[in-house]
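Computed from heavy atoms alone, side chains included, the values below leave out hydrogens, waters and symmetry copies. Index from 1, following the sequence.
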Amino acid sequence: MSFLTRFSPLRAVRDLRVFLAQRGKYELMFFATAMAITGVVLFAFLRDANDIRPAYQPTIIYVEQWPLSRTDAQIRAQQKIDQFDKEKRIAEQKAEQAKLQAQYKKIDDRLKAMGI
């Protein structure tokens with residue numbers, strides 16, 4: 001590891017300064033452009049890495065067993081309970097869909113404002 005013992009951050013900065021001083025104006029502009037594009041791509045990857053959704057977990061639905069002696073009133077009462085749960089799930093799904101649709105509309109409005 002004798003190579004790393006000779007490394008000095010001050011010498012590296014000085015060497016970079018001398019190297020950049022010998023470059024032409026157009027080379028520095030290309031260097032700055034390349035660094036900016038690379039930075040934007042890295043930023044996009046880092047930002048996208050935070051949006052990872054958890055893996056899909058299957059929903060297990062257990063079948064309920066009912067006695068044969070159930071009355072019609074018990075069946076209707078259970079159907080009302082199930083209907084309430086179903087409506088709640090549908091409302092949550094529609095709210096999530098509306099939220100996603102609003103996000104896409106916002107992006108579409110921005111693109112229309114830019115003429116795309």
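Between the CD1 atom of Ile81 and the CD atom of Gln79 there is a distance of 10.5 Å, given to the nearest 0.5 Å. Interatomic distance, CZ of Arg17 versus CZ of Arg14, reported as 8.5 Å (0.5 Å rounding). Here CG of Leu16 is found 4.5 Å from CG of Leu20. Values are rounded to the nearest 0.5 Å. From Phe84, atom CZ reaches atom NZ of Lys88 across 6.0 Å, with rounding to the nearest 0.5 Å.
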Check the pair Asp82 / Lys86 against salt bridge (charged side-chain N to carboxylate O under 4.0 Å, His left out), numbers first and verdict last. CA-CA 6 Å; Asp82 292 342; Lys86 182 179 177 181; over 6 Å; no
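Heavy-atom contacts from other residues, nucleotides or ligands closer than 6.0 Å to CD of Glu92 number more than 12. At most 12 non-hydrogen atoms from other residues, nucleotides or ligands lie less than 6.0 angstrom from CD of Gln97. Other residues, nucleotides and ligands contribute only 12 or fewer heavy atoms inside 6.0 Å of the CZ atom of Arg47. Within 6.0 Å of CD on Gln101 lie no more than 12 heavy atoms contributed by other residues, nucleotides or ligands.
Counting heavy atoms from C-beta outward, Lys94 and Ile90 have side chains that approach closer than 4.5 Å. When side chains are defined from C-beta on, Met114 counts as touching Leu111, because their heavy atoms get closer than 4.5 Å. Side-chain atoms of Asp72 and Arg76, non-hydrogen and from C-beta on, do get closer than 4.5 Å to each other.
Within the cation-pi definition used here (under 6.0 Å to the ring centroid, within 45° of the axis), Arg23 qualifies as a partner of Phe19.
A side-chain donor-acceptor contact under 3.5 Å links Gln74 to the backbone of Thr71. Of the possible donor and acceptor atoms, one in the side chain of Glu27 sits under 3.5 Å from a partner among the backbone N and O of Gly24.
Val18 and Leu10 are assigned to two separate hydrophobic clusters, defined by single-linkage of ILVMFWY side chains at heavy-atom distances under 4.5 Å. Hydrophobic clustering of Ile, Leu, Val, Met, Phe, Trp and Tyr side chains at less than 4.5 Å, counting indirect connections, unites Ile116 with Ile107.
Between Arg89 and Asp85 there is no salt bridge, since no side-chain N of the basic residue sits under 4.0 Å from a carboxylate O of the acidic one.
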